[in-house]
Asks: 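Got a structure for you, questions after.
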Amino acid sequence: MRILVCILLASMAASLRAEPERDAIPVPSSVSASSYATDLMSLYREARLEDPRVLAAYARAVGGQARQREALGGLLPQLNASGSLNRTKYDNRTTEQVYNNERYLVSLTQHLYNKAAWENYQKFKSLARQGEFQAVDAQAEATVDLAQRYFVALASDDELELVMAERRATQKNLDRVNAMYERKLAMITDVLDLRARVDALAAQEVEARNQVRLSREDLSELVGRTVAEKLSRIREDVALQVPGESLDVWIDRAVTANPALKARESALAAAEAAVREGKGGHYPQLSLNLTAQRSDVGYDNTLAPLSDSYVASVGVQIPLYSGGSTSARVRALYNERLATEQELEAIRRQVVKETTNAYLTAQSSVERIRASRNALESAEKSSVAAEKGFQYGVVNSVDVLTSVQNEYTARRDLLKAQYDFITNLLVLNRWAGRLSEQSVENVNVWLARSEEARALERKTTE
């Protein structure tokens, strides 16, 4: 099943792409994440073979293709063969006979004109196409879901490390204040403020560890195994930026290529074919029949000389009246078509809205990243200055606590802005119908597994 899904995924991706386009996610010039233990790409390759939503969608797509072939079979020649062997006892009051009869029949029927059968095939052809687009959309949705869970798990890891780092920094200040208090250079309120903050951070650390486990469980749900490895983080030597196309270009692209929208368009085509199929119940049917028979069965199962017969006939069937059921069925199918048309319009509006939202959010995330970097640099310097000022008695412990909290808040904001940018970029490509394995690979090279904390530890020297 997994091999079939891979083959179908590749074939569908090739058939649904009208023309090759440059991938929307910029490709960094160097560094590959393939050597890292666990990154987004490796989890993506596992999830596409383990996510039940994806497997179910592609199974339905395969079933839709089989349904299409079934409908096509109704248009092709129907060849049947039959035979019978009879043992007959014949008694006509004067004579009594016991004999065997044989009959062999081969018949071929071919529709020459059958509108209902033809439109039925067109309906299932559109439904099969709809299933293919739905499978592609399910894969895209699952990819975005995986990326979001990946960065939530990464954010949980970061939160734990940030809390631990803030606790270490606050404990360091507490030790310093304790030493100063013993020398009568600090007040007891300074000691109590810092100790309370250390205790609060210890409680936050417990909660952060719990969130790490919960976020890993969310990842494990998609991958089908326990994900306990270290996750690759965003590299610091890459410039995160969105493609240069305008919003109108992205909206046009989404309306043209979004697989969910194309699935509804195929559903509308199937509904229109169903209406024509229903109307076909009013049309005559024309068929060709060829029959070959060998038999020694006579009238009333009497024994007759063995004979061969060959018959060619053209049959015409004209519907006259069916109690109004055909017209009622057409009206029902027509209203179903109207409902499908409204569903198509709803999806189109959703695609425009989601594309616009993802584009604007990705654009603003770039500015947020830039502002968060500047805020972090300022917060680092302010924290160092506050600690030194406390040593000289210029500021109190509350000022030190505030500066440390501001520093780590800035670190959280920077990491969150980076994660939001990447997920929104994937969401943008998803709604534009351009989310592929290469898109994930392009994002994956922005990640790097390193023992060094990324934007977690203070980089300025004291």
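FYI, the numbering just counts along the sequence from 1.
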Asks: Check whether Thr361 reaches the backbone of Ala358 with its side chain - one donor and one acceptor, N or O, closer than 3.5 Å.
Replies: no

Asks: Which heavy atom of Val445 sits nearest to which heavy atom of Arg235, and what is that distance?
Replies: O-NH1, 2.5 Å

Asks: Ignoring hydrogens and geometry, is there a side-chain-to-backbone donor-acceptor pair from Arg67 to Phe124 under 3.5 Å?
Replies: no

Asks: Could you walk me through whether Arg349 and Glu345 pass the salt bridge (charged side-chain N to carboxylate O under 4.0 Å, His left out) test, one step at a time?
Replies: CA-CA 6 Å; Arg349 295 179 185 182; Glu345 176 62 19; 2.9 Å; yes

Asks: Arg348 versus Val351: any side-chain heavy-atom pair under 4.5 Å?
Replies: no

Asks: Any sub-3.5 Å donor-acceptor pair from Arg216's side-chain atoms to Glu229's backbone N or O?
Replies: yes

Asks: List the atom of Ala410, the atom of Ala379, and the distance in Å for their closest heavy-atom pair.
Replies: CB-CB, 4.2 Å

Asks: If we ignore hydrogens and angles and just use 3.5 Å, is the side chain of Asp296 paired with the main-chain N or O of Asn101 as donor and acceptor?
Replies: no

Asks: Above 12 or not: heavy atoms from other molecules or residues under 6.0 Å from NZ of Lys115?
Replies: yes

Asks: Pick from Lys279, Lys123, Arg337: which one makes a salt bridge (charged side-chain N to carboxylate O under 4.0 Å, His left out) with Glu272?
Replies: Arg337

Asks: Walk me through it: do Gln285 and Asn114 pass the test side-chain contact (heavy atoms from CB on, under 4.5 Å)?
Replies: CA-CA 5 Å; Gln285 298 179 12; Asn114 189 326; 3.4 Å; yes

Asks: Is the side chain of Ser42 donor-acceptor paired with the backbone N or O of Thr38 at a distance under 3.5 Å, no angle test?
Replies: no

Asks: Check whether any side-chain N or O of Gln78 sits under 3.5 Å from a backbone N or O of Leu76 as a donor-acceptor pair, and report yes or no.
Replies: yes

Asks: Going through the distances and angles, do Glu166 and Arg411 end up as a salt bridge (charged side-chain N to carboxylate O under 4.0 Å, His left out)?
Replies: CA-CA 11 Å; Glu166 185 177 355; Arg411 296 181 192 280; over 6 Å; no

Asks: Show, in sequence, the C-alpha distance, side-chain angles and deciding distance for Glu132 and Gln65, and conclude whether the side-chain hydrogen bond (donor to acceptor under 3.5 Å, both in side chains) test is met.
Replies: CA-CA 9 Å; Glu132 294 176 3; Gln65 293 176 346; 3.1 Å; yes

Asks: List the atom of Gln134, the atom of Ala263, and the distance in Å for their closest heavy-atom pair.
Replies: CG-CB, 3.7 Å

Asks: Tell me, do Glu265 and Leu344 make a side-chain contact under 4.5 Å, heavy atoms counted?
Replies: yes

Asks: Looking at OG1 of Thr423 and CG of Asp145, how far apart are the two atoms once the value is rounded to the nearest 0.5 Å?
Replies: 11.5 Å

Asks: For Arg45 and Met41: C-alpha separation, side-chain torsions, deciding distance, then whether side-chain contact (heavy atoms from CB on, under 4.5 Å) applies.
Replies: CA-CA 6 Å; Arg45 287 171 176 159; Met41 191 66 201; 3.5 Å; yes

Asks: State, yes or no, whether a side-chain contact exists between Tyr104 and Leu85 at a heavy-atom distance under 4.5 Å.
Replies: yes

Asks: Where the side chain of Asn444 meets the backbone of Leu40, is there a donor-acceptor pair that is under 3.5 Å apart?
Replies: yes

Asks: For Arg149 and Asp218, which heavy atoms make the closest approach, and how far apart are they?
Replies: NH1-O, 2.8 Å

Asks: Can you name the closest pair of heavy atoms from Val144 and Leu426 and give their distance?
Replies: CG2-O, 4.0 Å

Asks: Does some side-chain heavy atom of Asp51 sit less than 4.5 Å from a side-chain heavy atom of Leu146?
Replies: no

Asks: Set out, in order, the CA-CA distance, both residues' side-chain angles and the distance that settles side-chain contact (heavy atoms from CB on, under 4.5 Å) for Gln130 and Arg60, then state yes or no.
Replies: CA-CA 10 Å; Gln130 178 188 1; Arg60 292 190 189 97; over 6 Å; no

Asks: Closer than 3.5 angstrom, by distance alone: can the side chain of Glu141 be matched with the main-chain N or O of Val54 as a donor-acceptor pair?
Replies: no

Asks: Run the side-chain contact (heavy atoms from CB on, under 4.5 Å) check on Ile234 and Ile422 step by step: do they pass?
Replies: CA-CA 10 Å; Ile234 297 176; Ile422 294 180; 3.7 Å; yes

Asks: Using modelled atom types and a 3.5 Å cut-off, is there a donor and acceptor pairing between side-chain atoms of Thr109 and backbone atoms of Leu290?
Replies: no

Asks: At what distance, to the nearest 0.5 angstrom, does CG of Asp413 lie from CD1 of Ile369?
Replies: 12.0 Å

Asks: Are His282 and Ser327 side-chain neighbours, meaning at least one heavy-atom pair lies under 4.5 Å?
Replies: yes

Asks: I'd like to know if the side chain of Asn424 and the backbone of Asp420 have a donor-acceptor N/O pair within less than 3.5 Å.
Replies: yes

Asks: Would you say Arg213 has more than 12 foreign heavy atoms packed within less than 6.0 Å of its CZ?
Replies: no

Asks: Go through it in stages, so that I can follow the logic: the residues are Arg209 and Glu205, the test is salt bridge (charged side-chain N to carboxylate O under 4.0 Å, His left out), and I'd like the CA-CA distance, side-chain angles, deciding distance and then a yes or no.
Replies: CA-CA 6 Å; Arg209 290 185 185 278; Glu205 183 177 337; 2.9 Å; yes

Asks: Just verifying a value: how many Å separate Ile251 CD1 and Glu354 CD, rounded to the nearest 0.5 Å?
Replies: 12.0 Å

Asks: Mind checking the CD-CG spacing from Glu217 to Leu222? Nearest 0.5 Å is all I need.
Replies: 11.5 Å

Asks: Just wondering, do Gln204 and Arg167 contact through their side chains at under 4.5 Å, heavy atoms?
Replies: no

Asks: Give the intermediate values and the outcome of salt bridge (charged side-chain N to carboxylate O under 4.0 Å, His left out) for residues Arg233 and Asp158.
Replies: CA-CA 9 Å; Arg233 288 190 174 133; Asp158 293 342; 2.9 Å; yes

Asks: Might you point out which heavy atoms bring Tyr121 and Ala71 nearest each other, and give the distance in Å?
Replies: CA-CB, 3.7 Å

Asks: With a 4.5 Å limit on heavy-atom distance, are the side chains of Asn289 and Leu108 in contact?
Replies: no

Asks: With a 4.5 Å heavy-atom cut-off, do Gln68 and Leu127 have their side chains touching?
Replies: no

Asks: With rounding to the nearest 0.5 angstrom, report the CZ to OG distance, Arg225 to Ser220.
Replies: 7.5 Å

Asks: Just verifying a value: how many Å separate Leu338 CG and Leu333 CG, rounded to the nearest 0.5 Å?
Replies: 11.5 Å

Asks: With no hydrogens and no angle check, just 3.5 Å: does a side-chain donor-acceptor pair link Asn429 and Ser439?
Replies: no

Asks: Answer yes if the side chains of Thr143 and Gln139 hold a donor-acceptor pair under 3.5 Å, and no otherwise.
Replies: yes

